[in-house]
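So you know, we letter chains A, B, ... as the sequences are listed, proteins then strands, and number each from 1. Here the structure is a predicted model, which means the values were calculated and not measured.
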Number of protein chains: 2
Amino acid sequence: MNNNSGFIEKLRSSGLRPTKQRLEICKLLFDRKKTFHFTIGDLSKILKKETNKKISLATIYNTVHSFKKKGYLKEISVDREKSYFDTNTSNHHHFLDISTNELIDLKEEDVDNIKIKKSLPGKKIKSIEVLVKIENNN
Amino acid sequence: MNNNSGFIEKLRSSGLRPTKQRLEICKLLFDRKKTFHFTIGDLSKILKKETNKKISLATIYNTVHSFKKKGYLKEISVDREKSYFDTNTSNHHHFLDISTNELIDLKEEDVDNIKIKKSLPGKKIKSIEVLVKIENNN
DNA sequence: CACTACTTTAGAATCATTATAAATTGCATG
DNA sequence: CATGCAATTTATAATGATTCTAAAGTAGTG
Ligand SMILES: [Mn+2]
Ligand SMILES: [Mn+2]
Ligand SMILES: [Zn+2]
Ligand SMILES: [Zn+2]
């Protein structure tokens with residue numbers, strides 16, 4: 001979908017220099033068809049396996065955080081001891097499979113539109129997200 | 001609502017000895033009309049202020065975790081860097097005020113019943129919870 | 001009172017994340 | 001393409017919330 005020079009453009013256009021570390025991480029994160037949900041620990045392991053060049057852990061943290069700041073990643077909090085990042089940055093709902101700890105996107109059409117009948121004075125709604133915890137049958 | 005001897009009963013009946021530390025924490029957590037959402041840091045501060053006896057931090061952690069295990073508290077993950085506990089242990093929805101970092105319960109009638117139209121083979125739904133992020137108008 | 005298991009506690013250990021500061025790299029400029 | 005500078009990477013140290021440890025204290029039982 002996105003080729004290497006696509007990523008170079010993307011990074012440049014948001015004021016990030018296209019270093020080889022960032023490009024490596026871009027390829028891993030964004031060169032796929034389905035949403036990718038990961039923790040920084042996951043990402044670090046995958047980078048170790050799938051890459052010959054070694055990227056320092058500090059750089060992985062730095063990169064994920066700058067991608068988040070630029071809006072290329074979204075952080076999802078579903079469990080105290082795991083912080084997930086999501087390549088799908090739109091507002092969307094999730095299954096959380098508590099048997100495997102896996103996050104799965106729900107599509108627009110999988111969930112009825114949600115109406116919140118309460119409002120608080122001086123406050124407006126910024127986002128509405130549903131988390132559906134699932135587990136193995138029996 | 002719940003008096004001291006009520007708490008003693010409650011603790012005994014779930015196999016927890018009613019120590020003065022636990023009773024102190026019970027009074028603070030459960031002797032109120034509205035749901036209480038707190039972090040362990042919050043709780044620790046409040047205990048320091050509102051109590052003359054000093055309860056060690058380890059005990060606060062121990063107590064909150066055993067109350068959670070016994071089903072008297074529920075843990076809510078809405079932000080990586082804060083883990084909230086909730087005295088409302090039912091499945092329910094929340095506002096999260098991102099201007100103040102405050103969690104607010106939504107009542108049953110505040111949110112339409114949610115239908116999930118997708119299902120995964122071999123998996124069943126355990127809970128459905130909505131998080132509505134709100135912020136100050138302008 | 002005496003016994004035992006449970007609980008509390010101070011302090012140490014852990015571990016994910018962040019900070020630091022020196023070395024390296026991208027890139028603009030001439 | 002050589003130079004200069006800011007951005008970036010990196011190894012390492014620091015941080016801080018949580019958990020662990022093991023010793024001292026306490027509740028319940030008879
Ligand atoms: Mn958890
Ligand atoms: Mn956050
Ligand atoms: Zn997602
Ligand atoms: Zn609540």
For [X], all residues meeting side-chain hydrogen bond (donor to acceptor under 3.5 Å, both in side chains), sequence neighbours excluded:
X: A:Y72; value: A:S14
X: A:S90; value: A:N88
X: A:T39; value: A:D42
X: B:N62; value: none

Expressed as a whole number of angstroms, how long is the span from [X]:[atom1] to [N]:[atom2]?
X: B:F7; N: D:dA27; atom1: CZ; atom2: C1'; value: 20 Å
X: A:K69; N: D:dA7; atom1: NZ; atom2: C1'; value: 14 Å
X: B:E24; N: C:dT8; atom1: CD; atom2: P; value: 12 Å
X: A:I25; N: D:dT9; atom1: CD1; atom2: C1'; value: 11 Å
X: B:I60; N: C:dA10; atom1: CD1; atom2: C1'; value: 14 Å
X: B:L11; N: C:dC6; atom1: CG; atom2: P; value: 16 Å
X: A:D79; N: D:dT18; atom1: CG; atom2: P; value: 13 Å

Is any NZ, NE, NH1 or NH2 atom of the basic residue among B:K74 and B:E129 found under 4.0 Å from an Asp or Glu carboxylate oxygen of the other?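 Salt bridge flag = yes for B:E129 with B:K74.
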OP1 or OP2 of D:dT26 under 4.0 Å from side-chain N/O of B:Q21: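 For B:Q21, the contact criterion (side-chain N or O under 4.0 Å from OP1 or OP2 of D:dT26) is not met.
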Looking only at side-chain N and O atoms, does A:T59 come under 4.0 Å of OP1 or OP2 in D:dT10?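 Checking D:dT10 against A:T59, a side-chain N or O does come within under 4.0 Å of OP1 or OP2.
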Evaluate the ring planes of A:H94 and A:H37, with Trp represented by its six-membered ring, and classify them as parallel (under 30°), tilted (30 to 60°) or perpendicular (over 60°).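 Geometry flag for A:H37 against A:H94: perpendicular rings.
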According to salt bridge (charged side-chain N to carboxylate O under 4.0 Å, His left out), who are the partners of A:K117, at least two apart in sequence or on a separate chain?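 A:K117 satisfies salt bridge (charged side-chain N to carboxylate O under 4.0 Å, His left out) with B:D112 only.
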Return the set of residues passing salt bridge (charged side-chain N to carboxylate O under 4.0 Å, His left out) with A:K53 (not counting sequence neighbours), or none when no residue passes.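 Salt bridge (charged side-chain N to carboxylate O under 4.0 Å, His left out) check on A:K53 returns A:E24.
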Which ones in residues 48-55 of chain A lie close to DNA chain C, meaning a heavy atom under 4.0 Å from one of its atoms?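 Nucleic-acid contacts, sorted: none.
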Could you note down all residue pairs passing salt bridge (charged side-chain N to carboxylate O under 4.0 Å, His left out) where residues 91-109 of chain B supplies at least one of them, sequence neighbours left out?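 Every pair satisfying salt bridge (charged side-chain N to carboxylate O under 4.0 Å, His left out) with a residue in residues 91-109 of chain B: A:K123-B:D97.
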Let me test you: for the helix from C:dC1-D:dG30 to C:dG30-D:dC1, what is the angle between the axes at its two ends (five pairs each), rounded to 10 degrees?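 Rounded value for the end-axis angle: 30°.
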Where protein sits on nucleotides 11-30 of chain C, one letter per nucleotide: B base, S sugar-phosphate only, - none, heavy atoms under 4.0 Å: -----SBB-------BS---
Please list all pairs passing the ring-ring contact (aromatic ring centres under 6.0 Å, His included) test where one or both residues lie in residues 40-69 of chain B, with sequence neighbours left out.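 Counting only pairs at least two positions apart or across chains, the ring-ring contact (aromatic ring centres under 6.0 Å, His included) contacts touching residues 40-69 of chain B are B:F30-B:F67.
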Sequence neighbours excluded, every pair satisfying ring-ring contact (aromatic ring centres under 6.0 Å, His included) that has a member inside residues 110-138 of chain A: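 Sorted result for residues 110-138 of chain A: empty, none.
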